[in-house]
Structure formats: C-alpha cells, structure tokens
Amino acid sequence: MSEQKVIEQRGLWLDEMEVGAIYKHAPGRTITEADNTWFTAVTMNTQALHLDAAFAATEPFGQRLVNSMFTLSTLIGLSVTQLTQGTIVGNLGFSEVAFPAPLFHGDTLYAETTILDKRASKSRPGQGIVTLEHRGYNQDGTLVAKAVRQTMMFDSSHADTAPETGK
C-alpha cells in the first residue's frame, strides 16, 4: 500500500507571492451587533457611536457604527488563511489605514489583497519583507477600509524546518 499524500493548509511563502497579484479572500464576514459591542467593550473603547443607539441616531449616520479597529482587524484576518497562515514571521507595521465609508451592524465585509512589493531581507536569510494592500468592501461594493502593511515572511526554505500543525 502506498503512503497517503497529506496536504496541509498554509499561506504563501515569500517566493510564491507575486507583485501585482490580487488575492480575493473568501468567505466574507457579516458583522453583528454582538461582534461590535463585544470588541468595543473588551478594548475599553467607550465611544457612544459604537454603543449608544439613541445617541448614534442623532448623529450624521443615524445609527451605530462598527468600531473601525474591529473593521481593520477583520479585514486583515480575512487574508490570513490564503496569504500568511504559518508563513509569516510577523507584522512590521502599517503605513496607511483609511476608512472611507462606515460599516454598520448586518453589513458583510469582503476583502482582497494586492501584493505591492517584496524583497529579500538583507539581514535575515530565508526571510523577506512584503508590502500588502488590503481593501475591504461591504455587500454593496463600497470601499469601507484600506490598509497598507509591511510583513516579514519566510521563504520556502522554511518549509523543511517549520513545525507541523494540527496534531
């Protein structure tokens, strides 16, 4: 009997990422009132626009807004399985974050990422820096979030030394 082939889900190695490629992430994530309230409370953000329906009704959007930090976290999170699961060394930073339109309870966030740049690290063999542009859209196709971040990624030489997961 032959040995069974095992395929483990992972992100992309540095050398598999293509500058200019757009990665569309699935599925989207519908944001609930509970998500927004929990995140807002756990992060100690007492902004009434997130928590107080009566107050928010008197403000320009007429309803509570989803906490923008939750939107950002979810936007990045939607990319993990396709791009960085088990292949990232760590985040280096964000050079741009914008929220051109609000996200509301019941909206669904969809994400896509473009690889803007990549280069081998000068000081860390087998690793490199990748610049990613993440864009989040609601169910109507309105851009609600954009973030440009830099990450340190492993190249495929790490595949031989990476620990197995899921055991």
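Treat the numbers as computed from the prediction; the structure is a model and nothing was measured.
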Is the backbone of [Y] close enough, under 3.5 Å, to the side chain of [X] for a donor and an acceptor to pair up by distance?
X      : Y      : value
Thr40  : Thr37  : no
Asp117 : Thr131 : no
Asp35  : Thr32  : yes

Are [X] and [Y] packed together at the side-chain level, in the sense that at least one heavy-atom pair is separated by less than 4.5 angstrom?
X      : Y      : value
Glu112 : Tyr137 : yes
Gln82  : Thr113 : no
Tyr23  : Ile115 : yes
Leu51  : Arg64  : no
Glu16  : Thr87  : no
Gln127 : Leu14  : no
Phe104 : Leu65  : yes
Asn45  : Asn67  : yes

Rounded to the nearest 0.5 Å, what's the gap from [atom1] on [X] to [atom2] on [Y]? Could you check?
X      : Y      : atom1 : atom2 : answer
Trp13  : Leu83  : CH2   : CG    : 13.5 Å
Asp52  : Glu59  : CG    : CD    : 10.0 Å
Thr108 : Asp140 : OG1   : CG    : 9.5 Å
Thr71  : Arg29  : OG1   : CZ    : 11.0 Å
His105 : Ile31  : NE2   : CD1   : 9.5 Å
Thr114 : Leu132 : OG1   : CG    : 9.5 Å

Is there a path from [X] to [Y] through hydrophobic residues (I, L, V, M, F, W, Y) whose side chains come within less than 4.5 Å of each other?
X      : Y      : value
Leu109 : Val97  : yes
Val19  : Ile22  : no
Met152 : Val130 : no

Please test Thr84 against Met153 for side chain to side chain contact (heavy atoms under 4.5 Å, CB included), starting from the C-alpha separation and ending with a verdict.
CA-CA 8 Å; Thr84 62; Met153 300 294 298; 4.0 Å; yes
Just say parallel, tilted or perpendicular for the rings of His25 and His134, cut-offs at 30° and 60°.
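Judged by the thresholds at 30° and 60°, the geometry between His25 and His134 is tilted.
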Restricting to non-hydrogen atoms, name the atom on [X] and the atom on [Y] that form the minimum distance, rounded to 0.1 Å.
X      : Y      : value
Ser157 : Gly126 : OG-CA, 4.0 Å
Leu75  : Ala111 : CD1-CB, 3.6 Å
Gly28  : Leu78  : C-CD2, 4.5 Å
Pro102 : Val144 : O-CG1, 3.7 Å
Ser156 : Asp15  : OG-OD2, 2.5 Å

Going through the checks in order, is the side chain to side chain contact (heavy atoms under 4.5 Å, CB included) test met by Ile76 and Phe94?
CA-CA 11 Å; Ile76 302 305; Phe94 289 83; 4.0 Å; yes
Is it true that atom CD of Glu18 has more than 12 heavy atoms of other residues, nucleotides or ligands lying nearer than 6.0 Å?
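Atom CD in Glu18 is not packed in, count stays at 12 or less.
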Under the side chain to side chain contact (heavy atoms under 4.5 Å, CB included) rule, what do Phe99 and Leu72 come out as? Steps first, then yes or no, please.
CA-CA 9 Å; Phe99 304 100; Leu72 177 63; 4.1 Å; yes
Run the side chain to side chain contact (heavy atoms under 4.5 Å, CB included) test on Gln47 and Ser68 for me, step by step, so that the C-alpha distance in whole Å, both residues' side-chain angles and the decisive distance to 0.1 Å come before the verdict.
CA-CA 11 Å; Gln47 174 54 251; Ser68 59; over 6 Å; no
